[in-house]
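Step one of this worksheet: look at the structure below.
This is a predicted model, so every value here is computed, not measured. Numbers restart at 1 for each chain; the letters A, B, ... are given by sequence-line order, proteins then strands.
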Amino acid sequence: MHKILEFQAVVLAAGRGSRLPDVGGTVSKCLLPVGPYPVLWYSLNMLERYGFQETMVVVLDEDKSNILSALEKCPLKIKYEPIVIPSNEDWGTADSLKYISSKVTTDLIVVSGDLITNVNLNEVLNLYRKHDAALATLFFNNGPEEWIELPGLKSKVKPDRDLVCIDKETERLVFLASASDFEENITIPRMLMKKYRSITMFSRLLDAHVYVMKNWVISYLVESDKYTSIKGELIPHIIKKQLSKPKNASEKKGTSVLNVDTSKDIFDFAVDQGYESKIRDMSSYNDHKLGSKGVYFNDVLRCYAHIPNKNTFGIRVNTLSSLYLSNSKILSKWEELTGTTLTERLHPNSEVKTKQIDETCTVGEKSLISEKTSIKSSFIGANCTIENKVRLTNCILMNNVTVKEGCVLQDCIVFTGATVDLNCNLQYCLIGPHHEVPASSKGNHQLFAETTDNMITLG
Amino acid sequence: MSSKGDGKTKEEVLAARQAKKQGKNKPNKKLTDDKKNTPQSSVNSPRAESLQSENVDAKNQLNPENTEENAKITPKATSSNDKLTAPPKEALKANQSRDEVDKAVKLEPELTAETSKEHIKAERAAKKAAKQAKKKNTTEGDTQNKAGNSNVEQIKTDAKAVAKPNADSKATPKNVDKTKNVDKSKDVGNANTNISEAVLAVADSPVSAATIKEMVDTLKDIVVVARDVQAVTDKVKAINIGAKKEEDSTKSKAELKAERRAKQEAQRAAKQATQQNAAEVKKESTKEPSLPKEEKSTKAKTVDKTKPKPQGMQKMNWFQHLYTEHDKEALKQMQISSNLHPAVIKLGIQLASHVVTGSNARCIALLDTLKKMVRDYSLPARTEFARGLEAQLAASEEFLWGMRPPAASQTNALKYFRHHLTQLPNNVDEFDAKKQLQEEIDRYIGEQIDKAGEAISTAVREKISNGDNILTYGCSSLIERIFSEAHAAGVQFRAVVVGTRVQRAAREMLRRLVARGVPCTYADISALSFLMRHMSKVLVGAASLLANGAVLAPVGSLQAALVARAHNVPLLVACETHKFSDNVQTDAFVYNEIGDPDDIIDKSDENSPLKDWRSNPNLTLLNLTYDVTPPSLVTAVVTEQAILPCTSAPVVLRFKLS
């Protein structure tokens, strides 16, 4: 029987990792390792856990083969269809959605490819279903970020913050803007104050980049053709439009999609398909207590935001700190995050000769770890070679890394294909892709990479 | 007397006996088992014998004693003063000693539990002795065990037999009393009667509680108590002797003869005590091998008992039958790739969260969902349209009703849809079938809800005269329509909306009426009797009209109906015929829907004592959704067909069927 899907899912994995430090060469963000698998796997696994059988994955042209080969090695049942977007044009997320619009027939869930969370997705979906919302989003209230000492150069990058206003009682999302848009004062529409008894403004919420949206939002996106970013432009626009009413409300009752005006506005898309408005009128439900307005203040568009409780784990691996943080936490939360047990910490095809490797380590396929090495809390990718008398503590080694004899690495991230020569002693260092660290070098908070401006190491 | 701790241990013994009997009934048991069983029974038999001998001894002892005391009184009538002072002491002693016996009774099982290993050793030793007397004892033990068990079973199975042990307990102390002398029997006998009364009280209390508890449990308790009674009466006899002995020794200066006899008795008592002790030791040893079994059985029982408790924490005991399996957690565990239509899932969530609530709204929402389902349905190859869709319909129905039990309007609408689905010709074209079904749905909404509402509205408008005060309870889309249309037609009246704190529906009703410009008053249900004297009519909506004419309506409606009757205010119920149900319900407890108990709590109040009610095991909140107003309180029902007495509901139902 032909199954009518309720939601289609799309995973956006074409990010370039612009918030990650420049380490020279290209690193595809969605392939950064978190624990034994690339970060993209966690998004796909989450969708799989909630019963999705297929999903679209938007990937960059240049990454496609890498991603596909990486995902093949991971345990996944979900069918993923790669959607390739050209890597030389700088497409925004909204552009990607526009690109796949022809394939979207139902309501859409947009998930970022760098999300690791144990949130119950059904809570977001039920919120969306319950109120017949145009849009439902997910924010994490993680509190202030834990301070950890990061490898690499010390930098003071301020994370971009969002200003989010939510009506606590109904979880309605009424205002969303980027904090960087404002200098000193923030202007909030007066309508908000009028409508809601109390709204809460958050500035430290982490946007999970999970958007559940109505099918018509995609049509509107295609039709209007003025948005490049979902997060930055489309979502704020829809949220803003909640406050306004359709221009000619009297005419629009019923199903008059026949407005062939040159400028179709968003309300022309948000049209009920059946008796929804009648049901709303008849049902004795109302989401607010006071005032003379009907349910939902008679709003046509309704956006909601779900904030799970504080002990929910949610992280987006888009910065160095989150990459480092997620790696340090992944194994302890493995089961609740992935719903499975991690059986093969050490890949069966790997060759681990040392006994001094503790429980919090993983080793990838075909990696060789020699005798007399000591490895603690480290993640080692595929095809790595660790020679004798090496000590690794809290390190992340990506694929094809070679660490030669006598090296001591502590709290380092070694990117793909890098080599660390004999007797190096490095702490809190980043080693760029395919870089060779000369023998006997010592470093603390340094970047070893072939970038143009970073060749001079700045202690 | 027999506290619950005692009761349990007795239950254990009982369970062990049953287990033994079962073991005996199985002839195919292993040899080792047989070996185990045989010593048990062998040791059992002496114990029982000793008990019997005890009884005999006690009786024998009592009689000579009494005679002796008779002798005391007759020669020394002058020393009656001494004796008069003595009896209270005796009584006290008797009481004390009774307590001691109680303690001993309590201690015994504890001891047995503690010293199980030692007794197992003792059992092994007993085995040797048992082997010798094997044949005899086994047969005896068997018969005795069987007899004991059969007694227990009789008591269990026959409720009448419950009286038996009581009667026995009455009889035995009385017999004891009779045998005693006049003076002593008054006082000591009082103590005895006290004991027996206490016994009776204990025996009676579970019987009186039996109305609430399940019959099986009470029967078990009674059996246990009966056994207690028997044991205690035995002990009491022994105690009396002991007490007398002591008391005699205190009075020994006065009566030398008595002292001598008392000494003799004391010796006898000592002998008996040793015998008894030996018997008890054996008794305990007999218990030991069966202990593991007991433990198992008690474990099983405790598990059974503890299981319903956590549910009882959240659920009202008397309303267990109303609770459904569905809970909030189930919503969070849903899988996305179900075969249900998305609209069905959405409706399920909306029903469960009460976003779509109210009889008419739920009906329309269901029909709207069905319409979408029909629209999107694609017929698999080589399947009849009706059959293919029916399968999906059944699954959707199950899901939706699981989310919230259906309203009468919903079941009727679904019945109507099914009817038309099955009426489709076999070779119908898919497109035509879809078109036809969707038209039927539209027609149903148009006729049964919209047009019916219009007809009712006009019918009620005629009943509203200028200057009327009309009271309504809760929120009903139909009442809202009646009021707003009557207002629009220029009738001058005031609507009085009554609601409760818990239900926000009434306030929503008020809001809507005010928005339409209807003059309104809002009052809490507590002001109902005050308001009612000024009312000219009460007009309420209904969730359903039952076949016996009773009105199923949101909880609180019955209260309004009762107050209206008390003030002789006519009660009109507005109800479209699509809400008529062929169910019959005489009260709201046989069937009802249980709402979220958290809704009762005032969440705006930070200091509400009910805030963490879940942590209080003695507190359960009950939030019933519906009320059943009996037909006697309803003046008339306004339907789209006519204004009818509510008892003519079956006529309307029959008429609708044809």
Does any heavy atom of chain B fall under 4.5 Å from the side chain of [X], the backbone, both, or neither of them?
X      : value
A/L125 : side chain
A/N120 : side chain
A/K278 : side chain

Which bit of [X] is near chain A, if near means a heavy-atom gap under 4.5 Å: side chain, backbone, both or neither?
X      : value
B/L351 : neither
B/D450 : side chain
B/H341 : side chain
B/I449 : side chain
B/V356 : both
B/R362 : neither
B/R512 : side chain

*List the atom of A/A134, the atom of A/W216, and the distance in Å for their closest heavy-atom pair.*
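Taking A/A134 first and A/W216 second, the nearest heavy atoms are CB-CZ2, 3.6 Å.
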*Qualifying residues under side-chain hydrogen bond (donor to acceptor under 3.5 Å, both in side chains), relative to B/R511, sequence neighbours excluded*: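 B/R511 satisfies side-chain hydrogen bond (donor to acceptor under 3.5 Å, both in side chains) with B/E508 only.
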*side-chain hydrogen bond (donor to acceptor under 3.5 Å, both in side chains) involving B/E447 - partner list, sequence neighbours excluded*: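 Scan of B/E447 (side-chain hydrogen bond (donor to acceptor under 3.5 Å, both in side chains), adjacent residues dropped) gives none.
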*Regarding A/K214 and the six-membered ring of A/Y128, is the cationic atom NZ or CZ under 6.0 Å from the ring centre and inside 45° of its axis?*
yes
Quick test of your reading of the model: are [X] and [Y] salt-bridged, counting only N-O distances below 4.0 Å?
X      : Y      : answer
A/D107 : A/R129 : no
B/R443 : B/E440 : yes
B/E480 : B/R516 : yes

*Which of the residues A/V295, A/L47, A/D132 is involved in the greatest number of heavy-atom pairs with chain B at under 4.5 angstrom?*
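The residue among A/V295, A/L47, A/D132 with the greatest pair count is A/D132.
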*Residue selection (most heavy-atom pairs with chain A, distance under 4.5 Å) from B/D442, B/T369, B/L510, B/L347*: B/D442
*Could you tell me whether the side chain of A/T106 reaches within less than 4.5 Å of the side chain of A/N215, counting heavy atoms only?*
no
